[in-house]
Protein chains: 2
Amino acid sequence: MTSPDADSPDLYSIADLAREFGISTRAIRFYESKGLISPERLGATRVFRRRDRARLILILRGKRLGFSLRDISDYLALYDADRGQQVNLLAEKVDERLELLEQQLADLQTTIAELQEIRKLARDRVSPAS
Amino acid sequence: MTSPDADSPDLYSIADLAREFGISTRAIRFYESKGLISPERLGATRVFRRRDRARLILILRGKRLGFSLRDISDYLALYDADRGQQVNLLAEKVDERLELLEQQLADLQTTIAELQEIRKLARDRVSPAS
DNA sequence: CAGTTGTTTGACGCTAACGTAAAGCCATGA
DNA sequence: TCATGGCTTTACGTTAGCGTCAAACAACTG
């Protein structure tokens, strides 16, 4: 899964990642200040690796799902805890979060269905009795 | 669908709705100030009806999905526009929003799958080779 | 050597979405 | 009558999530 695949570079500057994901460097520093990522340093300069980049992807997905950085932080901890100790506690936390997500999934499906209904009505009105 | 079903009351105070949905009256007033709902008035006192209550439900669902009040406002407009005029424009807007929601749906399903994988690993570690 | 580019750390600014008094208007009940 | 409860508006406070300078350093370039 996480084979050290060749070529794909393993060193990114803060600007690299900002460009790649269309966010500001300020945002990335802010995520670090909140402990969501912890890039290495070369002197004072941040050096990001694949792991940090992967975390960033998870962070942005979390944001698209409407989660707060606080939530996302907890969420990332679940990934880390794979290698962690309190495994039962982990399973509980994961289950909690899964419940939330499935509630959200239900909300989402309802909303999508409603909008499709609206679209249908709108189209019917334009070209009735197709 | 929207038959004026008997009994279910049709008059709610601001406190009624706050209680029912577990939010503050302040929040409800705030939604009104942003134009998301517009209850009638009896003197100065707000009087909510089924329509307002239904809108509130949509608002709260939107919030659970992580949308801003601005987004939710646009979203509510799609429902209203059913009776509206620019029907083609409506269909476009609806399609835009549907795209967003489906992106979100994909994100959500990915996230759920990943968490289930983590849970599986965690459980395996507790009771291996069941 | 001067200038440009990219980085850093503050630090202040800003918007959204309310929370939290404060102060006043009614209606009801002891 | 007056105290209590629920409603109102006005307005300032608060947190999250960055945006936006500012000042300083480091490396490269002509």
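None of the values given here were measured: they were computed from a predicted structure. Chain naming here is simple, since letters A, B, ... match the order of the sequence lines and numbering starts at 1 in each.
Mapping Val47(A) and Thr25(B) onto DNA chain C by nearest heavy atom places Val47(A) closer to the 5' end of the strand.
Contacts of Ser68(B) with the nucleic acid, taken as non-hydrogen atoms under 4.0 Å apart, involve only primed sugar atoms and P, OP1 or OP2.
One atom, CD1 of Ile23(A), and another, P of dC18(D), lie 8 Å apart when rounded to the nearest Å. Here dG6(D) presents its C1' atom at 17 Å from CZ of Arg26(B), a figure rounded to the nearest Å. Distance, Phe30(B) CZ to dT8(D) C1': 18 Å, rounded to whole Å. The distance from atom CG of Leu17(B) to atom P of dC7(D) is 11 Å, rounded to the nearest whole Å.
Contact between the side-chain N/O atoms of Arg41(B) and the OP1/OP2 oxygens of dT9(D) is found at a separation under 4.0 Å. Applying the 4.0 Å criterion to OP1 and OP2 of dA17(C), one finds that Lys63(B) has every side-chain N and O outside that range. Remark: Ser13(A) is in phosphate contact with dT7(C), judged by side-chain N or O atoms under 4.0 Å from OP1 or OP2. Phosphate contact (OP1/OP2 of dG6(C), side-chain N/O of Arg19(A), threshold under 4.0 Å): absent. Between Arg70(B) and the phosphate of dA16(C), there is no side-chain N or O to OP1/OP2 separation shorter than 4.0 Å. Applying the 4.0 Å criterion to OP1 and OP2 of dT8(C), one finds that Arg46(A) has a side-chain N or O inside that range. Side-chain N/O atoms of Ser24(B) include one lying less than 4.0 angstrom from OP1 or OP2 on dG19(C). At least one side-chain nitrogen or oxygen of Tyr31(B) sits closer than 4.0 Å to the OP1 or OP2 atom of dC18(C).
Annotation: cation-pi geometry satisfied between Arg97(A) and Phe67(A) (NZ/CZ under 6.0 angstrom from ring centroid, within 45° of ring axis).
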